[in-house]
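Computed from a predicted structure; not experimentally measured. Counting convention: from 1, in listed order, for ligands and their atoms alike. Each residue takes its place number in the sequence, starting with 1.
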Amino acid sequence: MRKNARNLLLQGLAAMLIAGGTFGAVSATGDEANASGKPAVRGASHASTIARTGAWPKLKAGSQGTKVKSVQHLLAARGYAVSADGIYGRKTAAAVGKFQKRAGLKADGVVGAKTWNKLTALTVGLGDRGPAVKAVQVQLGVKADGVFGKNTRAAVRSFQTRAGLKVDGVVGPKAWNALITRPTPAKPKPGTAKPAGSSAALARQLLTKRGITYATKHSETVDPRSTAYRNIHDMAKGIGAATSGNSHVGYKRVPLDPRMLRALITLHDRYGYKLKISEFVGGVHGKNSRHYRGLSFDANFINGIHVGSGAPHKKVMKLCTTLGATEVRGPGDPNHNTHIHCAWK
Ligand SMILES: [Zn+2]
């Protein structure tokens with residue numbers, strides 16, 4: 001008898017848990033959501049990066065996550081003391097009810113479109129501080145310190161660009177809607193970090209310089225994935241430069257160092273040199289070579305003249321040092337009679 005009662009109790013608990021799970025799901029409903037009736041995110045062509053529904057999610061007791069956290073921050077911004085734990089519990093529901101009552105809405109403790117519109121009826125921008133700023137930061141996935149500084153503004157601008165909104169770095173009604181209704185960005189898996197954006201941008205810039213050319217073959221190895229030509233184009237695409245399969249480090253992708261790329265642009269633009277790059281990260285070098293870490297370039301032609309045959313290699317080598325290279329080799333150094341080598345640390 002007692003055993004049966006216990007079983008019933010357990011079954012009841014399980015049923016409650018299942019119900020709770022469904023109850024807790026965030027749902028975007030058609031009836032109440034999107035009271036304005038028009039999509040809040042402009043630019044249908046951006047649909048691949050940002051959902052363009054503009055339908056506010058319905059949050060209620062049992063809901064969890066970033067959007068709940070933002071509701072809690074927005075309630076705090078209105079003077080309701082709720083902790084921003086991302087869990088829509090009884091205290092959050094009660095605060096929502098009070099807010100709704102004061103805003104002239106039906107006090108049901110559920111955050112739907114009308115409540116979202118009232119909660120987000122505030123604008124935040126550079127220099128602002130407080131919980132509303134935290135709500136923005138939480139949605140952007142940046143550090144939520146409640147201070148709307150230059151980094152937050154840059155993140156807002158970047159978001160507005162992707163969302164097809166006016167890019168002003170200020171969060172008003174449209175930006176709020178886009179921030180809340182967009183899908184949560186996937187966090188990059190550790191170990192798959194993309195090479196720095198600046199390296200990709202610099203590589204693209206470098207490819208516009210007609211005086212800088214790139215070897216399409218290696219001098220002593222055969223891996224075609226890692227020629228200087230492929231390295232710079234892969235870096236421009238943002239996927240990083242490939243090392244040679246037969247090198248000490250095997251085949252892998254590494255970013256090209258931005259200081260090195262900037263130095264090449266300077267050598268071309270400011271000093272007027274024409275250079276042919278024979279290697280970046282490809283080829284076979286010393287075991288601990290900086291080439292394998294994207295820190296070095298080799299050049300075997302300067303102004304169309306082969307290094308070691310009268311090319312002004314000493315001047316370029318000196319400029320490499322001026323531009324921050326800490327390892328500079330050329331004719332006269334072992335194994336460098338036909339190319340110069342500039343490497344950053
Ligand atoms: Zn080298």
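For the Zn ion (ligand 1), the nearest N, O or S atom contributed by Asp298 is named OD1. Closest N/O/S atom of His341 to the Zn ion (ligand 1): ND1.
Using a distance-only test at 3.5 Å, with no hydrogens or angles considered, a donor-acceptor pair links the side chain of Arg290 to the main chain of Trp344. Panel note: side chain Asn337, backbone Pro331; no donor-acceptor pair is recorded below 3.5 Å.
Side chains of Thr152 and Gln137: a donor-acceptor N/O pair is present below 3.5 angstrom, by distance only.
Taking backbone and side-chain atoms together, His291 has an N/O/S atom less than 2.8 Å away from the Zn ion (ligand 1).
Judged by a 6.0 Å distance limit and a 45° cone about the ring axis, Arg78 is not positioned over the six-membered ring of Phe99.
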